[in-house]
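A short worksheet on the structure shown next.
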Amino acid sequence: MPLLLAPPPSAARPLLALTFGVAELNALLRAFCARGRVAEARALFHRYCDTYPPDARTFNTLLLGFKEAGNAQALDLFYHDAVLRGFVPDSVSYCVRMDAYCKKGRFLDALDLLDEMRKRENCRPTLQVFTTLIYGAGIVRNATRARQLFDEMGQGGVTPDRGAHNALMGAYVRARDLQSGMTVMSEMERKGIGLDDVSYNTMLCGFQRIGDLEGIWKVYSKMVGSGFMPRTRTTMLLMKVFCENARPDLGLELWDYLLGKGCVPHRHALDVLVTGLCCRGMVLEAYRCFREMIEMGMTPTERAFRVLEGFFKRKREFEKLEEIRQMMKATQLEEHQCDEEAA
DNA sequence: CTAGGGTTAG
């Protein structure tokens, strides 16, 4: 769709002229960038930059837009053009550019920017800047450098937070040093920095990749022990690992844990669990979970239904077969009614 | 909502 550039609010409409300024322009640019329409954002910028003199936020918003679009080249072009217009980059500008480089594996280029920003009066490396670089070191599998940056941050008076620890942990995991990753995790606990879904997911992913079920179990036990509620991604990872390694009993345990906490697992978690349980002959347990999902007011996927249906047929459990068919029909009907009410 | 940390292997 072609971009329609409306003329700026004219003097004949003073109310609009008063309420639209650089802050509104920035919000507009952000809205376009957030939808991946950064080219249009840039066009808007060029169209209005004379009417509403841009501030640092304007430039940084566009830099961020290019970064999120994965377009490091356009980002560089825009950046240098902005500098020619008199833009003075701040910590945020540097951070965004560094992150764009890091995500492209250009860690050394990002480090050059660190040197450059240190020479400037108006900015210092911030928590986000260090975290970005630690992450960047991890991308190029340089865990040693990641650690150095982490220590350097503390010496520079910037206290590493949960995100910085997670970035360091991720760097160790990428470098296949799971042991050091676990040490970081313990450090976080010792310092009273709570672990979050990113922390758990980082380590679990690492152990999964090298096929270390013991490691998975260690992290999982830690998670359950502290009463943490995993988010969808982590739940799915655990469910798959358990069920695909002939341990649907552990998957069932996870299921019960989540329900015990009042959490409603994702529908696909049930797919994996039902399949895993049925394949190990635990059809009644699969049926129980299927029922529980319906009792929570959710409709299992067609896939979960088909799997369970198939096993009941095979076992000639015609009563149960009929029961789940009815349950499925009832919830689908209910959903339909909800849709209609919403419409 | 102007910035950082997780997903993916062959």
Side-chain angles (χ1 to χ4, degrees), chain A residues 22-36 38 41 45 54-68 75 78-79 82 87-103 107 110 113-114 117 123-139 143 146 149-150 153 158-174 176 178 181 184-185 188 193-211 219 223 230-241 244 266 268:
Chain A
V22 67
E24 285 68 28
L25 175 63
N26 291 345
L28 194 59
L29 297 182
R30 182 70 209 123
F32 271 96
C33 290
R35 284 160 183 75
V38 63
F45 169 81
D55 57 16
R57 191 177 286 221
T58 317
F59 289 107
N60 286 340
T61 298
L62 279 160
L63 291 176
L64 183 64
F66 287 118
K67 188 204 81 174
E68 285 170 344
L75 187 152
F78 182 79
Y79 174 80
F87 167 56
V88 180
D90 60 11
S91 302
V92 176
S93 328
Y94 276 104
C95 191
V96 170
R97 291 177 66 210
M98 284 174 180
D99 198 35
Y101 287 154
C102 287
K103 287 191 160 65
F107 178 57
L113 288 183
L114 177 65
M117 88 179 287
C123 44
R124 288 178 311 110
T126 58
L127 178 62
Q128 288 85 347
V129 164
F130 277 114
T131 306
T132 299
L133 290 171
I134 290 166
Y135 167 80
I139 295 281
L149 284 158
F150 185 86
M153 160 167 44
V158 181
T159 310
D161 68 350
R162 180 183 295 152
H165 281 84
N166 283 343
L168 180 61
M169 205 192 294
Y172 280 128
V173 166
R174 279 179 203 269
R176 302 290 190 270
L178 281 292
V184 174
M185 194 174 241
M188 291 170 80
I193 298 172
L195 303 174
D196 67 1
D197 203 66
V198 177
S199 324
Y200 289 116
N201 196 271
T202 301
M203 289 315 301
L204 289 170
C205 261
F207 284 122
Q208 183 193 32
R209 210 157 34 207
I210 62 169
V219 177
M223 186 186 87
R231 296 183 59 80
T232 302
R233 195 183 298 179
T234 303
T235 303
M236 288 303 299
L237 183 154
L238 285 167
M239 202 56 101
K240 277 187 185 158
V241 167
E244 286 168 9
H266 198 275
H268 291 306

Report all interatomic pairs (protein N or O, nucleotide N or O of nucleotides 3-5 of chain B) with separations under 3.5 Å.
unit_1: B:dA3; atom_1: N1; unit_2: A:Thr126; atom_2: OG1; d: 3.1
unit_1: B:dG4; atom_1: OP1; unit_2: A:Lys67; atom_2: NZ; d: 2.4
unit_1: B:dG4; atom_1: N1; unit_2: A:Asp161; atom_2: OD2; d: 2.9
unit_1: B:dG4; atom_1: N2; unit_2: A:Thr131; atom_2: OG1; d: 2.9
unit_1: B:dG4; atom_1: N2; unit_2: A:Asp161; atom_2: OD1; d: 2.6
unit_1: B:dG4; atom_1: N2; unit_2: A:Asp161; atom_2: OD2; d: 3.3
unit_1: B:dG4; atom_1: N2; unit_2: A:Ala164; atom_2: N; d: 3.4
unit_1: B:dG4; atom_1: N3; unit_2: A:Thr131; atom_2: OG1; d: 3.1
unit_1: B:dG5; atom_1: OP1; unit_2: A:Lys103; atom_2: NZ; d: 2.6
unit_1: B:dG5; atom_1: N1; unit_2: A:Asp196; atom_2: OD2; d: 3.4
unit_1: B:dG5; atom_1: N2; unit_2: A:Asn166; atom_2: ND2; d: 2.0
unit_1: B:dG5; atom_1: N2; unit_2: A:Asp196; atom_2: OD2; d: 3.1
unit_1: B:dG5; atom_1: N3; unit_2: A:Asn166; atom_2: ND2; d: 3.0

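- Of the P atoms belonging to B:dC1 and B:dG5, the separation is 15 Å, rounded to the nearest Å.
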Grab the N/O contacts between the protein and nucleotides 8-10 of chain B below 3.5 Å, and write none if there aren't any.
unit_1: B:dA9; atom_1: OP1; unit_2: A:Arg209; atom_2: NH1; d: 3.4

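- The closest side-chain donor-acceptor pair between A:Asp90 and A:Asn60 falls under 3.5 angstrom.
- If you check the side chains of A:Thr61 and A:Asn26, you find no donor sitting under 3.5 Å from an acceptor.
- When all heavy atoms of A:Val184 and A:His165 are compared, the closest pair comes out as CG1-O, 3.7 Å.
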**OP:** Decide yes or no on side chain to side chain contact (heavy atoms under 4.5 Å, CB included) for A:Thr235 and A:His266, but give the supporting numbers first.
**Re:** CA-CA 8 Å; A:Thr235 303; A:His266 198 275; over 6 Å; no

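- Across all strands shown, A:Asp197 has heavy atoms under 4.0 Å from base atoms, whether or not it also approaches the sugar-phosphate.
- Not a single ring-ring contact (aromatic ring centres under 6.0 Å, His included) links A:Phe107 to another residue, sequence neighbours left out.
- Between A:Tyr135 and the options A:Thr132, A:Thr131, A:Leu133, A:Ile139, a side-chain contact (heavy atoms from CB on, under 4.5 Å) holds for only A:Ile139.
- In this structure, A:Glu68 pairs ionically with A:Arg30, as a charged nitrogen and a carboxylate oxygen lie closer than 4.0 Å.
- Annotation: A:Phe59 is in aromatic contact with A:Phe45 [ring centroid separation under 6.0 Å].
- Among the protein residues, A:Thr58 comes within range of no part of the nucleic acid, since none of its heavy atoms lies under 4.0 Å from any strand.
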